[in-house]
Every structure is written in structure tokens, then in C-alpha cells.
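Scroll down for the structure; my scribbles are underneath it.
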Amino acid sequence: MQNRDVASHFEELADLLEIRGANPFRIRAYRSAARSLLAMVESVATIAGDPDRNLQDLPGIGKDLSAKIQTIVDTGRLPQLEELRTEIPAGVLDMLRLPGMGPKKVAVLFGTLELTSLEQVKQAALQGRISELKGFGQKTEQSILKHVDAAVAAGKRTFLATAQPEAEVVRQRLLDLDSVAQAEVAGSCRRRRETVGDLDVLVAADDSQEAMDCLAEHPLVQDVLARGETKQRVRLTSGMEMDLRVVPIASFGAALQYFTGSKEHNIVMRRRAQERGLKLNEYGVFDGDRLVAGATEDAVYRAVDLPWIPPELREDRGEIEAAERDALPTLLQTDDIRGDLHMHTTATDGTASIREMAESAKACGLEYIAITDHSKRVTMANGLDAEQLRAHWREIDRVREDVTGIEILRGIECDILEDATLDLPDDVLAEADWVIAVLHYGLQQPRAQIHKRLLSAIRCPHVSVIGHPSGRLIGRRAGADMDFDEILKAAADHGVMLEINAHPSRLDLDDIRAAAARDRGIPIVINSDAHSPAGLNVMQWGVCQARRAGLTRSDVANAGSLDALRGRMRSK
DNA sequence: GCCGTTTTCGGCCCGACTGTTTTCAGTCG
């Protein structure tokens, strides 16, 4: 039972309660509890099983929710949820994905027409039965017919690495307009979340029409979903939706702060304004009717007695308290990265030679790299056995002599096998400059076996780092079940580093686990896992993840020199 | 359903836009 499993019970319960019209604050309590569970690294099951610990010490968890967590952990089920599920079929929740359809309207469709799936909603709309309902009309019915097919596929989030460049294209186009003074991408994209639901673009202009027309006619835009005086919502050809907001120049900072979010961060900010007798909204900070701040984000934060907070930290996970203490970290930047310690070549499943990868890395400004091809267990990637690996290393030695200006480490990405042994013998690993140990197979094994495997790798004196520690693939595959706090303790005890794998579909460690590793003094390594020269460019997304974790240059081992890196490796 | 030097009740952030209303509820971010 992982924290995310418990959290998803509460999220589903909140959705169902919303359709039932329950007290909104009660619904919020369930969502906030889910959030709280997702924000911790320690397994909630461990706490629930420890008589000396109290679930009610967790933020947003009181008497009722702690009992519910205990039930879920003990039985894997939550009776209240199962009861609601029998009342409200799963297809009803799908209806929430239709634009303009919230819990109230879905409740009407379910309650009066007894519709229980998107397909049934479509049929009812085709028959004209929906426009006859009170509170519904022709436009609602047309909107349903227009969007119902897309809604079947909706709800998907897009990798930051895909979304951000699209948003940037639009931003640049808007910035070229005469009427536009400033343009920024806001929302989760600006916070550099690993995935983005929709895009928010903010523009400062005295006249909103030119910017809205420009977006409506942009080749990336497929449909205008809604358009008002200052706000426009469109669907891009990629399927992503984008909101454009146009605000006066004097309000741009407040609007940027507001639309960057997160919602949770903003709630605390507005409460803070209230406590000071002020009001904060997207137009500024107001003392009565008087505008106190609004043109810049910096001024908005100062108006509530805080320094500016980097967008990546704005999740209400302690950043406001840190800002109050003037203890915000100076976040890592992509330029700080001096080495890349995870990449593949044609020796296994890469597309470029050792030399090409080294030359490309040098052109990226890197000072050192590790060549880390797969070990033999990864047969589909043509993984290397001991003999092949030693030959590969000799080839690296030859390239070392030819290519100057960059250090090349002889590395290996060694599988941690299902039986908790390593895929290569100790004497081979001992000859490596850099060993990444990883889980590729058997990720569904029970927690105890996953722990056994990770601990055996951590205890092996030749292992430098655990690569993509959870093994998750974002949106496709959950990571292995583990109490990450226990893994952290072992890694800290044995001097093993942990990787943030920068590939957009991995970003593993995630931000929360990376921050927890930092708190235990474990050096973090951010690696591209490149399989081609172009793959080296994903480093920036790993840096985004590190920034969200609040990491500084000194927290990241490959943001230092190679000598410094060696100094932080445990002695072999 | 949670929370608390205003604590066991009464709060819990704020505004734009849409569609269906005839002054506003629902949705969205």
C-alpha cells in the first residue's frame, strides 16, 4: 500500500461527494489530506503500523481521516468509498471532463436523466433531451456534442518538456505585437511541474483585442473555446488547452503571481494579505480601494512582508515560512551543471559512439561525463557481460587519449536483479570509475523484496549511485512500492548518491523525494540518461525538478568539479 | 472534515466568464 493509493481513495471520495453536493469544506478536507499524503516520503503504512506514531500529527489529518487511513492500510478498502461507488457509477465521474460540466450539472444529468457514461450523454444530447432540463439550454447541448469525443481522451497531462516549448512559441509571437508590453507563461508550466494540464499565458496590454485576435489566428490554435473581454480559452492542435489573460500593465505582477499559482500557495498569500488588512487579487494588493502593489511580482510579495519566491517553490510546502525567515535557497541553474554521469552509446542501445557522445557533451560545455551502458540483464538493449564491458572500457581509454578538454569516466548502468544480486561480479564493478545501480525488472515485487534489492545495491561498496530510484514512468507506470524514508537512511549510512534522472518521462527522483534526500545530506546527481547527442539536452528538465526540490548548487554532486565529485564518492 | 495566543464553534480565497436567467448559479483557474 503506497501513499498514492491511500491518496487516490480520498481523491475519488472527494469527487463523488462533490457530485452528491456535500459540504465543500468537507470535500476540501479530503483533497487536502490526499495532497498531504503525496507530499511525504515516509510510508503512511509504516506510521499506521507503529504504535508510537500518530497519524493525526500529519497536516490536514484529524480524528476521522486518521481512522480512514488506518482502515485503508489494514484492509486495502474504504467502506464509505465503496458505498458511494455503488450509488454513483464510475462513468459519471468521466462527465466532469466535459468543459463547463461541474459536479452540480453532472448531478442533474445523473439524477434526472440517469445518464451514467459519456456515451449516454452524447446520445441524450443528440436526442435533444439535455436542452430541456432546467439550467441547461441549446448552447450547453451543442457544447457537449462538440466536446464529448475529445473528453473521452481528455484528462491527460502533457510532459513539461513538450508543453513548455509550445507555450514559448505563443509567448514570443504575442511579445512581437505593438500593443503588448509584457508576456509570460504562467501556471504549472512556470512552476516547472513535471507535467502540465493546460497552458496559461499572461499579457500586459492596454488593449486586449490585438493579443486575443493574434492567439485566435495562431497556426497552433485549433479552436476558440471561450472569449471574453480579457480572457480567452483555446484548444491547440496538440490537444492541450491554453488560457490567455490580458491585464493592465500596472497589474501585470499581481496577475503573474496569481496565475502562476499554485492554488495552495495563493490561498496562503491571500490569507496573509487579509491578516494585514489588505486584499490580494489578480489586479494587485489593495488597502481599501488604494492599489499598494501590482506592477511586479516582487512588489506583491513585499506588500505582504515577504521576499520574492521562485515559482518552482510555490506549492505551500514550507516556502512561505522559509521566505519569512529569509531562508530561501539559491536554486540550482542549468549552467551550474558541470558533468553528466549517465549516458549510452552504440555499445548497447545508444545511437552514437563514445567519441560522438564525448564531443557533444564537450560542445554543451560539460567538463566530464560517464559512459554508462547497460549490463547484460537488459537483453533487448544488448546489455554487456563482464568481458564485453572490459572491452568497452578499453575503447573508452582509447577515446580518452584522443578527445581532450573533457574527462570520460568508465561507467556502467548495472541492473539490480530480481533476486537482489547485481548483474555483474564485484571484481568487475571494482574496476569501474562510476557505477549506477538500477531496478529495471520486477518492479511489481512486494515491498520487502524491493527493499532487499535496493539495500543490497546500497551496501555494495562499488555502487556510486542509485539511478532512477523508483522506476516510475510518468503517466504510464507507478514506481516500485517502498518506504522511501528507509531507503534514504540506508543510502545516507553507506554514502551512496541518488539520481534525478532528467528524462522527461522519468524525472525520478521526484521533487519531494529529492528534497528528502537533501535533508539527509545525500548528494544528488542529475543525469540525462542520453541515448544520443540530442538526448544530452534533457538535463534542463532534471534541473527544473531539482529546483522544485529546493536544491542548491552544493546539494548536487555534478554541479561541482570532477575532483569534488570524487571527494563525495565513498571510498572504494 | 480540519483547525485554534480571538480554540471546542464558526470559520475555511477570489474574480471572470458562460449560459440561462431576468438577477444569478455553476464552472473554472
Side-chain angles (χ1 to χ4, degrees), chain A residues 10 13-14 17-19 21-36 55-69 80 95-109 130-144 146-147 154 186-191 193 196-202 208 212 224-234 241-247 251 254-276 278-286 304 316:
Chain A
F10 288 161
L13 193 54
L17 284 171
E18 217 166 12
I19 289 172
N23 176 354
F25 296 106
R26 184 178 164 217
I27 293 161
R28 181 187 295 179
Y30 281 108
R31 295 203 195 283
S32 130
R35 217 178 95 80
S36 182
L55 288 166
Q56 292 188 49
D57 292 338
L58 301 173
I61 309 288
K63 193 174 162 203
D64 182 273
L65 286 179
S66 71
K68 288 194 167 72
I69 291 173
Q80 290 90 339
M95 298 180 200
L96 292 170
R97 295 212 293 264
L98 283 164
M101 296 289 291
K104 295 280 178 5
K105 287 195 166 164
V106 166
V108 172
L109 292 183
I130 287 178
S131 57
E132 294 166 358
L133 294 169
K134 184 174 162 56
F136 293 73
Q138 287 298 330
K139 292 213 173 175
T140 307
E141 197 163 73
Q142 291 311 309
S143 164
I144 287 172
K146 186 171 179 187
H147 297 117
S188 53
C189 196
R190 183 164 182 246
R191 299 202 312 280
R193 285 277 309 265
V196 174
D198 52 17
L199 296 166
D200 299 281
V201 176
L202 189 67
S208 63
M212 301 238 256
V224 176
L225 301 177
R227 177 165 175 164
E229 278 302 300
T230 62
K231 183 177 168 179
Q232 181 172 244
R233 188 167 179 87
V234 299
E241 293 184 5
M242 174 182 278
D243 280 324
L244 172 68
R245 278 297 284 258
V246 186
V247 298
S251 295
L256 184 57
Q257 196 284 324
Y258 178 85
F259 287 109
T260 296
S262 66
K263 190 172 68 180
E264 290 79 9
H265 176 89
N266 285 355
I267 287 172
V268 178
M269 284 289 285
R270 287 192 286 265
R271 206 152 49 209
R272 217 179 145 82
Q274 275 186 339
E275 286 162 9
R276 286 163 175 71
L278 304 170
K279 188 173 74 171
L280 170 60
N281 60 28
E282 62 256 57
Y283 297 107
V285 183
F286 295 88
V304 293
D316 186 26

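In what follows, every chain begins at residue 1, and chains take the letters A, B, ... in the order their sequences are listed. This is a predicted model, so every value here is computed, not measured. Hydrogens, waters and symmetry mates play no part in the numbers below; they use all other heavy atoms, side chains included.
Remark: Tyr30(A) is not in phosphate contact with dC2(B), judged by side-chain N or O atoms under 4.0 Å from OP1 or OP2. Within the structure, every side-chain polar atom (N or O) of Lys279(A) is placed at least 4.0 Å from both OP1 and OP2 of dC13(B). In terms of phosphate contacts, Asn266(A) brings no side-chain nitrogen or oxygen within less than 4.0 Å of OP1 or OP2 of dC13(B).
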| task | Take Arg270(A) and Tyr258(A), measure what side-chain contact (heavy atoms from CB on, under 4.5 Å) needs, and give me the verdict at the end. | result | CA-CA 10 Å; Arg270(A) 287 192 286 265; Tyr258(A) 178 85; 3.1 Å; yes
| request: For the pair Arg31(A) and Ile27(A), evaluate side-chain contact (heavy atoms from CB on, under 4.5 Å) and give the outcome as yes or no after the intermediate values. | output: CA-CA 6 Å; Arg31(A) 295 203 195 283; Ile27(A) 293 161; 4.0 Å; yes
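For the atom pair NZ (Lys105(A)) and CG (Leu133(A)), the distance works out to 10.5 Å, reported to the nearest 0.5 Å. Rounded to the nearest 0.5 angstrom, Leu109(A) CG and Phe136(A) CZ are separated by 4.0 Å. Between the CZ atom of Arg227(A) and the CD atom of Gln232(A) there is a distance of 5.0 Å, given to the nearest 0.5 Å. Rounded to the nearest 0.5 Å, atoms OG (Ser143(A)) and CG (Leu98(A)) are 7.5 Å apart.
Atom name P, nucleotides dG11(B) and dT18(B): the rounded distance is 34 Å, in whole Å. Taking atom C1' in both dT8(B) and dC3(B), one finds a spacing of 10 Å when rounded to whole Å. dT21(B) and dT27(B) have their P atoms separated by 15 Å, given to the nearest Å. A gap of 13 Å separates the C1' atoms of dC2(B) and dT7(B), to the nearest Å. If you take atom C1' in dT5(B) and the same atom in dG1(B), they sit 24 Å apart, rounded to whole Å. Distance noted for atom P between dC12(B) and dC17(B): 26 Å (whole Å). Separating the C1' atom of dT22(B) from that of dC28(B) is a span of 24 Å, rounded to the nearest Å. dG15(B) sits 26 Å from dT20(B) when the P atoms are compared, rounded to a whole Å.
A donor-acceptor distance shorter than 3.5 angstrom exists from the side chain of Ser208(A) to the backbone of Glu229(A), with no hydrogens or angles considered.
What separates CZ of Arg245(A) from P of dG15(B) is a distance of 12 Å, to the nearest Å. Per the geometry, NZ belonging to Lys63(A) stands 17 Å off P belonging to dT8(B), to the nearest Å. Protein atom CZ of Arg272(A) is 18 Å distant from nucleotide atom P of dC12(B), rounded to whole Å. If you measure from atom CD of Glu275(A) to atom C1' of dC12(B), you get 13 Å, rounded to the nearest angstrom. Atom C1' of nucleotide dG15(B) and atom CZ of Arg270(A) are separated by 9 Å, given to the nearest angstrom. Look at CD on Gln257(A): it is 14 Å from P on dG15(B), rounded to the nearest Å. If you measure from atom CD1 of Ile69(A) to atom P of dG1(B), you get 13 Å, rounded to the nearest angstrom. Atom CZ of Phe25(A) and atom P of dC12(B) are 7 Å apart (whole Å).
Listed nucleotides dT18(B), dC13(B), dC2(B) differ in distance to Arg28(A); the shortest reach to its side chain belongs to dC13(B).
Residues Thr230(A) and Met212(A) share a closest heavy-atom pair of N-CE, 3.9 Å.
Thr230(A) comes within 4.0 angstrom of the backbone, heavy atoms only, and of no base. Within 4.0 Å of Ile61(A), counting heavy atoms only, lie sugar-phosphate atoms of the nucleic acid but no base atom.
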| said: Each nucleotide in nucleotides 20-29 of chain B should get exactly one letter: B, S or -. Can you fill that in based on protein heavy atoms under 4.0 Å? | reply: SS----SSSB
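A heavy-atom distance below 4.5 Å is not found between the side chains of Thr140(A) and Ser131(A).
Of the two residues near DNA chain B, Glu229(A) and Asn23(A), the one whose nearest nucleotide lies more 5' is Asn23(A). Across the interface with DNA chain B, nearest-nucleotide mapping of Gly60(A) and Met212(A) shows Gly60(A) to be the residue nearer the 5′ end.
For dT8(B), there is no paired base (Watson-Crick or G-U wobble, both distances below 3.5 Å).
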